[in-house]
Amino acid sequence: MPFKLEQHPRWLVAQRKTENEVKKTPRGIKVEEGQEVQRQTILCTQLQLRYYPGQNVKIGTNMTLNAMVDGKVLITKEKLNPYPDSPIYSGVQNGEVIERVFVHVLPFKQENRFRLISLV
(Lines give C-alpha, C1' and ligand atoms only; values in the text may rest on other atoms or scores of the structure.)
Protein backbone atom coordinates (compact mmCIF):
# COMPACT_ATOMS: atom_id res chain seq x y z
CA MET A 1 0.00 0.00 0.00
CA PRO A 2 1.22 3.54 -0.62
CA PHE A 3 2.74 5.39 2.31
CA LYS A 4 2.39 9.04 3.29
CA LEU A 5 5.23 10.58 5.26
CA GLU A 6 4.31 12.99 8.04
CA GLN A 7 6.92 15.31 9.56
CA HIS A 8 7.32 15.23 13.37
CA PRO A 9 9.86 17.20 15.43
CA ARG A 10 12.17 14.24 16.11
CA TRP A 11 11.41 11.55 13.55
CA LEU A 12 9.51 10.64 10.39
CA VAL A 13 6.49 8.39 10.70
CA ALA A 14 4.91 6.53 7.78
CA GLN A 15 1.14 6.27 7.84
CA ARG A 16 -0.84 3.91 5.64
CA LYS A 17 -3.60 5.37 3.54
CA THR A 18 -7.08 4.13 4.28
CA GLU A 19 -8.87 1.89 1.80
CA ASN A 20 -10.96 4.83 0.58
CA GLU A 21 -7.85 6.79 -0.43
CA VAL A 22 -6.27 3.99 -2.50
CA LYS A 23 -6.62 4.72 -6.21
CA LYS A 24 -7.30 1.65 -8.34
CA THR A 25 -5.63 1.40 -11.74
CA PRO A 26 -7.99 0.74 -14.66
CA ARG A 27 -6.75 -2.21 -16.68
CA GLY A 28 -7.63 -3.54 -20.12
CA ILE A 29 -7.22 -2.54 -23.76
CA LYS A 30 -6.29 1.14 -24.07
CA VAL A 31 -6.71 1.54 -27.85
CA GLU A 32 -9.42 0.64 -30.34
CA GLU A 33 -9.13 -1.57 -33.38
CA GLY A 34 -8.11 0.42 -36.45
CA GLN A 35 -6.59 3.22 -34.37
CA GLU A 36 -3.21 4.54 -35.49
CA VAL A 37 -0.53 4.27 -32.81
CA GLN A 38 3.09 5.31 -32.50
CA ARG A 39 6.04 3.25 -31.35
CA GLN A 40 6.13 2.53 -27.57
CA THR A 41 2.40 3.27 -27.17
CA ILE A 42 0.76 1.25 -24.38
CA LEU A 43 -1.85 -0.98 -26.02
CA CYS A 44 -3.04 -2.95 -23.00
CA THR A 45 -2.44 -3.26 -19.26
CA GLN A 46 -3.22 -6.48 -17.42
CA LEU A 47 -2.33 -8.45 -14.29
CA GLN A 48 -2.49 -11.89 -15.92
CA LEU A 49 -1.95 -12.91 -19.53
CA ARG A 50 -5.45 -12.15 -20.83
CA TYR A 51 -4.44 -10.52 -24.13
CA TYR A 52 -1.56 -12.05 -26.08
CA PRO A 53 1.07 -10.09 -28.04
CA GLY A 54 0.85 -10.47 -31.80
CA GLN A 55 2.95 -9.06 -34.62
CA ASN A 56 5.01 -5.97 -33.78
CA VAL A 57 3.85 -6.05 -30.14
CA LYS A 58 6.11 -6.69 -27.15
CA ILE A 59 5.16 -7.68 -23.61
CA GLY A 60 6.75 -6.03 -20.60
CA THR A 61 7.65 -7.51 -17.24
CA ASN A 62 4.35 -6.28 -15.77
CA MET A 63 2.32 -7.86 -18.64
CA THR A 64 1.87 -4.51 -20.43
CA LEU A 65 1.59 -4.76 -24.23
CA ASN A 66 3.50 -2.05 -26.16
CA ALA A 67 3.69 -1.25 -29.88
CA MET A 68 7.10 -1.84 -31.46
CA VAL A 69 6.40 0.13 -34.68
CA ASP A 70 4.12 2.90 -35.90
CA GLY A 71 0.97 1.48 -37.46
CA LYS A 72 -2.67 0.44 -37.07
CA VAL A 73 -4.03 -1.79 -34.29
CA LEU A 74 -5.67 -5.10 -35.17
CA ILE A 75 -7.36 -7.24 -32.50
CA THR A 76 -8.09 -10.87 -33.43
CA LYS A 77 -9.26 -14.08 -31.78
CA GLU A 78 -7.03 -16.96 -32.88
CA LYS A 79 -6.62 -20.64 -32.15
CA LEU A 80 -3.53 -21.54 -30.12
CA ASN A 81 -0.96 -23.91 -31.54
CA PRO A 82 1.18 -24.73 -28.45
CA TYR A 83 4.63 -26.28 -28.34
CA PRO A 84 4.84 -30.00 -27.39
CA ASP A 85 6.32 -29.18 -23.96
CA SER A 86 3.39 -26.87 -23.08
CA PRO A 87 0.92 -28.02 -20.38
CA ILE A 88 -2.05 -27.39 -22.71
CA TYR A 89 -0.55 -29.43 -25.58
CA SER A 90 -2.30 -32.66 -24.55
CA GLY A 91 -5.69 -30.96 -24.56
CA VAL A 92 -5.14 -29.62 -28.06
CA GLN A 93 -4.05 -33.08 -29.27
CA ASN A 94 -7.31 -34.53 -27.92
CA GLY A 95 -9.33 -32.15 -30.11
CA GLU A 96 -9.89 -29.29 -27.66
CA VAL A 97 -9.96 -25.87 -29.36
CA ILE A 98 -8.31 -23.09 -27.37
CA GLU A 99 -8.82 -19.53 -28.62
CA ARG A 100 -7.15 -16.41 -27.28
CA VAL A 101 -7.30 -12.67 -28.05
CA PHE A 102 -4.20 -11.32 -29.82
CA VAL A 103 -3.26 -7.67 -30.31
CA HIS A 104 -1.29 -6.85 -33.50
CA VAL A 105 0.16 -3.63 -34.91
CA LEU A 106 0.28 -3.52 -38.71
CA PRO A 107 3.01 -1.12 -39.90
CA PHE A 108 2.27 1.63 -42.39
CA LYS A 109 3.27 0.94 -45.97
CA GLN A 110 6.72 2.31 -46.78
CA GLU A 111 7.18 4.49 -49.81
CA ASN A 112 9.53 3.13 -52.46
CA ARG A 113 11.38 6.38 -53.04
CA PHE A 114 15.05 6.05 -52.22
CA ARG A 115 18.08 8.15 -53.10
CA LEU A 116 21.66 7.05 -53.21
CA ILE A 117 23.80 8.82 -50.64
CA SER A 118 26.34 9.73 -53.30
CA LEU A 119 23.66 11.65 -55.28
CA VAL A 120 22.45 13.72 -52.30
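The first residue of the sequence shown is numbered 1, and numbering continues consecutively from there. Everything numeric in this text was worked out from a predicted model, so none of it was measured.
The shortest distance between side-chain heavy atoms of Val69 and Arg39 does not fall below 4.5 Å. Residues Phe102 and Leu80 meet the side-chain proximity criterion, which asks for heavy atoms closer than 4.5 Å.
Under the 4.5 Å side-chain heavy-atom criterion for Ile, Leu, Val, Met, Phe, Trp and Tyr, Ile88 and Tyr51 are members of the same hydrophobic cluster. Under a hydrophobic-cluster definition in which Ile, Leu, Val, Met, Phe, Trp and Tyr are linked whenever side-chain heavy atoms come within less than 4.5 Å, directly or via other members, Ile98 and Ile75 are assigned to the same cluster. In terms of hydrophobic clustering, with Ile, Leu, Val, Met, Phe, Trp and Tyr side chains grouped at heavy-atom distances under 4.5 Å, Leu74 and Ile29 are assigned to different clusters. Leu65 and Val101 fall within a single hydrophobic cluster, where Ile, Leu, Val, Met, Phe, Trp and Tyr side chains are chained together by heavy-atom contacts under 4.5 Å.
Enclosure of atom CG in Asn94 by more than 12 non-hydrogen atoms of other residues, nucleotides or ligands within 6.0 angstrom is indicated. Crowding of Glu99 atom CD: a count of heavy atoms from other residues, nucleotides or ligands under 6.0 Å exceeding 12. No more than 12 heavy atoms of other residues, nucleotides or ligands sit less than 6.0 Å from atom CD of Gln110. Within a 6.0 Å radius of CZ in Phe108, more than 12 heavy atoms belonging to other residues, nucleotides or ligands are found.
Taken from CE in Met68 to CD in Gln40, the straight-line distance is 9.0 Å, to the nearest 0.5 Å. Distance check, rounded to the nearest 0.5 Å: CG of Asn56 to CG of Asn66 gives 13.0 Å.
The residue from Glu78, Lys72, Glu33, Gln55 that alone fulfils the side-chain hydrogen bond (donor to acceptor under 3.5 Å, both in side chains) condition with His104 is Glu78.
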Evaluate the side chain to side chain contact (heavy atoms under 4.5 Å, CB included) criterion for residues Val105 and Thr41: first the C-alpha distance (whole Å), next the side-chain angles of each, then the deciding distance (0.1 Å), finally the verdict.
CA-CA 11 Å; Val105 176; Thr41 302; over 6 Å; no
Under the side chain to side chain contact (heavy atoms under 4.5 Å, CB included) criterion, do Lys30 and Thr45 qualify, and how do the steps go?
CA-CA 8 Å; Lys30 304 294 182 189; Thr45 56; 3.3 Å; yes
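When atom types are taken as modelled, the side chain of Gln46 and the backbone of Met63 share a donor-acceptor pair closer than 3.5 angstrom.
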